[in-house]
Amino acid sequence: MSPLPERFNEGGFSFRLVKRTGRVAMLSKTKERLPASLEVVIIQTRPAESIRGREYPAREVMPRSEQWGVSAWTPFDREEAEQLFERLASREGRFSREGIA
């Protein structure tokens with residue numbers, strides 16, 4: 001299983017892993033001319049698959065846009081992000097593939 005990279009670009013944003021416990025991660029999200037923000041996510045997994053003729057290994061991925069509010073959040077400030085991260089990390093073993101069990 002390929003882990004979620006510590007730094008990656010997606011949707012025009014740059015992401016950097018701030019901290020992680022199991023599948024719970026806090027990431028810094030930046031884009032030129034926009035204020036930086038934090039995201040707290042439950043990392044999802046994808047099986048090995050072929051998409052449009054390109055092969056992908058089993059891997060960790062960010063939650064889909066439709067999963068915001070269920071498996072991913074953009075807290076208003078660092079304190080709220082830290083509290084959410086700690087709350088989710090303490091329950092990390094209870095997550096199902098699609099979110100919180």
Side-chain angles (χ1 to χ4, degrees):
M1 169 90 49
S2 297
L4 189 70
E6 290 192 19
R7 292 180 183 270
F8 61 95
N9 296 314
E10 188 175 293
F13 290 91
S14 295
F15 292 87
R16 180 183 54 82
L17 182 65
V18 175
K19 62 181 175 176
R20 177 177 178 168
T21 297
R23 290 180 47 214
V24 179
M26 180 187 299
L27 301 113
S28 169
K29 178 180 173 182
T30 59
K31 185 173 187 176
E32 192 173 317
R33 297 188 188 106
L34 292 177
S37 64
L38 291 170
E39 293 190 350
V40 177
V41 303
I42 300 169
I43 297 170
Q44 308 296 297
T45 59
R46 297 286 308 194
E49 60 189 335
S50 177
I51 301 174
R52 296 187 187 122
R54 184 172 174 193
E55 297 297 319
Y56 293 89
R59 65 210 178 276
E60 293 181 337
V61 297
M62 290 285 284
R64 297 182 315 272
S65 296
E66 304 84 48
Q67 293 174 297
W68 238 253
V70 175
S71 295
W73 301 264
T74 306
F76 291 107
D77 58 34
R78 179 73 182 224
E79 181 179 344
E80 184 182 348
E82 292 283 352
Q83 290 173 355
L84 177 59
F85 178 88
E86 293 303 324
R87 189 168 63 246
L88 292 171
S90 72
R91 296 168 34 190
E92 199 274 330
R94 295 174 34 194
F95 298 129
S96 69
R97 179 176 163 82
E98 291 300 318
I100 300 173

Do the side chains of F8 and F13 join up, straight or via other hydrophobic residues, at under 4.5 Å, putting them in one cluster?
yes
Quick one: closest heavy-atom pair of A36 and T30, and the distance?
CB-CG2, 3.7 Å
Taking every heavy atom of A25 against every heavy atom of L17, the minimum-distance pair comes out as CB-CD1, 3.8 Å
Side chain of E80, backbone of R78: donor and acceptor closer than 3.5 Å?
no
With a 4.5 Å heavy-atom cut-off, do R46 and Y56 have their side chains touching?
no
Joint hydrophobic cluster, F76 plus V18, side-chain heavy atoms closer than 4.5 Å:
no
Please check this pair: side chain of R59 against backbone of P57, looking for a donor-acceptor N/O pair closer than 3.5 Å.
yes
Could you check E6, R7, E39 and say which one makes a side chain to side chain contact (heavy atoms under 4.5 Å, CB included) with F15?
E39
Closest non-hydrogen contact found for P75 with L84 is CG-CD2, 4.2 Å
What's the separation between atom CG in L4 and atom CZ in R23, rounded to the nearest 0.5 Å?
11.5 Å
Min side-chain heavy-atom separation L38-W73 under 4.5 Å:
no
Does the side chain of T45 pick up a donor-acceptor pair with the side chain of E60 at under 3.5 Å?
no
If you round to the nearest 0.5 Å, how far is OG of S71 from CE of M62?
11.0 Å
As a quick check of understanding, evaluate side chain to side chain contact (heavy atoms under 4.5 Å, CB included) for V41 and I43, giving each step before the final call.
CA-CA 6 Å; V41 303; I43 297 170; 4.2 Å; yes
Test log, rule side chain to side chain contact (heavy atoms under 4.5 Å, CB included), inputs M26 and E82
CA-CA 8 Å; M26 180 187 299; E82 292 283 352; 3.9 Å; yes
In terms of side-chain geometry, is the basic nitrogen of K29 or E10 positioned less than 4.0 Å from the acidic oxygen of its partner?
no
E49, CD atom: more than 12 neighbouring heavy atoms under 6.0 Å
yes
